[in-house]
**Student:** 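Structure provided below as structure tokens; questions to follow.
Since the model is a prediction, treat every value here as computed from it, not as a measurement. Just so it is clear: chains get the letters A, B, ... in the order the sequence lines come, proteins before strands, and each one is counted from 1.
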Amino acid sequence: MPEGPELHLASLFVNRMCEGLVFTGAVEKSEVNKNPEVPFCCDAYVIKAQSRGKEVILTLTPFKNDGDSKRKVGKHQSQHPMDVVFRFGMSGFFRFTSDDDIPKHAHLRFYTNESPRRVLSFEDTRRFGSWQANGTWQKDRGPCVMFEYESFRENVLSNLSDKAFDKPICETLLNQKYFNGIGNYLRAEILFRLQIPPFVKARTVLEGIELKNENKKEIKKTTDTAGKKGVTVETPDLLSLCHTVPLEVVKLGENGYTPAKAEYSVLQAWMQCYSVDGMNSLSDHNGRTIWFKGDPGPMVPKGAKSRKIKWKIQKDHDYTDSKKAKKTHTESIAIEKPAKKKDNIKVKKESATSKAQGGSKRQKKDTKRVKTEPADENTKSKKQGKRSSKVPPRTGTNKIKGQHVEEVIKTKRNSVTSKESATKAKPQRRSSGTRRGRSR
DNA sequence: CGTCCACGTCTAC
DNA sequence: TAGACCTGGACGG
């Protein structure tokens, strides 16, 4: 889940879980992970987190016992605070567990000084994540779209001559030099809100914004604590949505959505476009799937189209009937030269007429298979067998659909159980989103 | 069992 | 602009 909102939620999680706790000893790294060791060791230290775009910094600060300076300065005791910067890759997140419950892919671990000690772990299944001790916010990453909005906006609008804006808007949105925090699902959701074709040149889209906003005020934060209908906001532009849309996800988190707890279903229920049945999708020039509705725009990668809308129905909690025969749906969408100007473009989904011409171009995959496998050693003797991918039948509450979601979210705003439950979220795909435009 | 796909960078022809 | 880097879930045969 790691896009800007998840990174921020991760920092909130760390601060909440570690508040008042004292950590001790060395920071442990798993053997398999190739990231550098974190040379920090201290009898007593505290942990604080902060985020910026798609990075999180953990600050480890030696804790001095007030009153008498009882703390003996050990051999290699760290005396000064250390910042460790994290990037989450495709699967990183923080988790706080008991010592006996350290997850399989916990690659960096911080231990509390409690009796049965507990552990803050950086978990990262795919190991694309990275960290750097004594690190700083990565140079070349722009201001955070969520919490440095003014400078983010300035950074984009004052650099439109950069060739980064020669690309299709959907690709430029992933450029962290200008859109620090935006990732694959956010770009789809943002463009969808304004119905901007993903393959329109970025500069074209942004130049318009610059003009329109010359004298306008920014969008007011919707600070709706009671869901008022106030919302008297002028039409948001693309840059303001790069700010507000991620903040909507942060809000989901404040109301219960916890990336680390696999409550991905809440996020999925929020998504209006990304991976949603009925939407179109194509591979961009970098091989990343862009989801959108309607016209793809003129700069579509030639040759390869790509489509494939598949949706899985939740397996568990079924209605026993086996009529859910329709499992996967794959439809081809022929991109018929959108260069036709506006001609017709009926939106409402292409009719998948003839198949795409030739184009058997093998799409770039995630890589080849290299037969090697160090396999994460289970640091520490792990007893627990697998949790079985079985998902407890659930008491039907997990419907999550339409406004029911609103209730679920509101309802579970209370505690956040420190124990990490082992139940995995069931994969699920909305069968039909029939509820659009329920804006707040 | 094999193929495809995944919320992201990195760096090397 | 291709790979590389990884694990694992869904799906197809």
**Student:** Do A:Tyr111 and A:Glu28 have a side chain donor and acceptor closer than 3.5 Å?
**Tutor:**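 The answer is yes; a qualifying pair exists.
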**Student:** Please pick, from B:dT9, B:dA6, B:dG8, the nucleotide with the shortest atom-to-atom distance to any side-chain atom of A:Gln176.
**Tutor:**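 Looking only at heavy atoms from C-beta outward on A:Gln176, the closest nucleotide is B:dT9.
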**Student:** A:Asn33 CG to C:dT7 C1': how many Å, rounded?
**Tutor:**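 Roughly 13 Å, once rounded to whole Å.
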**Student:** Return the value, rounded to whole Å, for the distance between atom NZ of A:Lys104 and atom C1' of C:dG9.
**Tutor:** 13 Å
**Student:** P atom, C:dG8 versus B:dC10: distance in rounded Å?
**Tutor:** 22 Å
**Student:** Where do A:Phe88 and A:Phe128 land on the ring pair (Phe, Tyr, Trp, His ring centres under 6.0 Å) test, with the steps shown first?
**Tutor:** CA-CA 7 Å; A:Phe88 285 16; A:Phe128 288 175; over 10 Å; no
**Student:** Between A:Arg117 and A:Asp99, is there a side-chain N and carboxylate O pair less than 4.0 Å apart?
**Tutor:**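 Judged by the 4.0 Å cut-off on N to carboxylate O distance, A:Arg117 and A:Asp99 do form a salt bridge.
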**Student:** Measuring to OP1 and OP2 of B:dC10, would you say a side-chain N or O of A:Arg87 lies under 4.0 angstrom away?
**Tutor:**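 Yes, A:Arg87 has a side-chain N/O under 4.0 Å of OP1/OP2 on B:dC10.
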**Student:** So, does A:Asn15 use its side chain to make a donor-acceptor pair with the main chain of A:Ala49 at under 3.5 Å?
**Tutor:**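 Yes; judged by distance alone, with no hydrogens or angles, the pair exists.
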**Student:** Could you write out DNA chain B as dot-bracket? Rules: Watson-Crick or G-U wobble, both distances under 3.5 Å, brackets [ ] for crossings, | for pairs with another strand, dot for unpaired.
**Tutor:** ||||||.|||||.
**Student:** How far does the C1' atom of C:dG9 sit from the matching atom of B:dT9, given to the nearest Å?
**Tutor:**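 These two C1' atoms come out 22 Å apart once rounded.
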**Student:** Compute the ring centroids of A:Phe122 and A:Phe94, then answer whether they are less than 6.0 Å apart.
**Tutor:** yes
**Student:** Closer than 4.0 Å, any side-chain N/O of A:Arg126 to the OP1 or OP2 of C:dG8?
**Tutor:** no
**Student:** Identify whether the distance between the nearest side-chain nitrogen and carboxylate oxygen of A:Arg52 and A:Glu148 falls below 4.0 Å.
**Tutor:**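 A salt bridge links A:Arg52 with A:Glu148.
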**Student:** Within this structure, what is the CG-to-C1' distance between A:Leu267 and B:dA6, rounded to whole angstrom?
**Tutor:** 14 Å
**Student:** Measure from NZ on A:Lys54 to P on B:dT9 and round the result to the nearest Å.
**Tutor:** 4 Å
**Student:** Under a 4.0 Å N-O cut-off, is there an ion pair linking A:Arg95 with A:Asp101?
**Tutor:**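 The answer is no: the pair does not qualify as a salt bridge.
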**Student:** Starting the side chain at C-beta, find the nucleotide from B:dG8, B:dC10, C:dT7 nearest to A:Gln138.
**Tutor:** B:dC10
**Student:** Once you round it to whole Å, what is the distance between C1' of B:dT9 and CG of A:Leu174?
**Tutor:**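 That distance rounds to 11 Å.
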**Student:** Got a salt bridge between A:Glu248 and A:Arg193, using NZ or NE/NH1/NH2 to carboxylate O under 4.0 Å?
**Tutor:** yes
**Student:** Between C:dT7, B:dC10, B:dA6, which nucleotide gets closest to the side-chain atoms of A:Thr125?
**Tutor:**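 Ranking C:dT7, B:dC10, B:dA6 by closest atom to the A:Thr125 side chain puts C:dT7 first.
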**Student:** Would you say A:Ser130 places a side-chain N or O within less than 4.0 Å of OP1 or OP2 belonging to B:dT9?
**Tutor:** no
**Student:** Decide, applying a 5.5 Å centre-distance limit and a 30° plane-angle limit (both strict), whether A:Phe128 stacks on C:dC5.
**Tutor:**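 Check passed, A:Phe128 stacks on base of C:dC5.
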**Student:** Rounded to whole Å, please give me the gap between OH in A:Tyr264 and C1' in B:dA6.
**Tutor:**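 My rounded result for the distance is 8 Å.
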**Student:** Using whole Å, report how far CZ of A:Arg141 lies from C1' of B:dC10.
**Tutor:** 12 Å
**Student:** Whole-Å distance between C:dC5 C1' and A:His105 NE2?
**Tutor:**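 Nearest whole value for this atom pair: 15 Å.
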**Student:** Please work out if A:Glu123 contacts a base, only the sugar-phosphate, or nothing of the nucleic acid, heavy-atom cut-off 4.0 Å.
**Tutor:** nothing
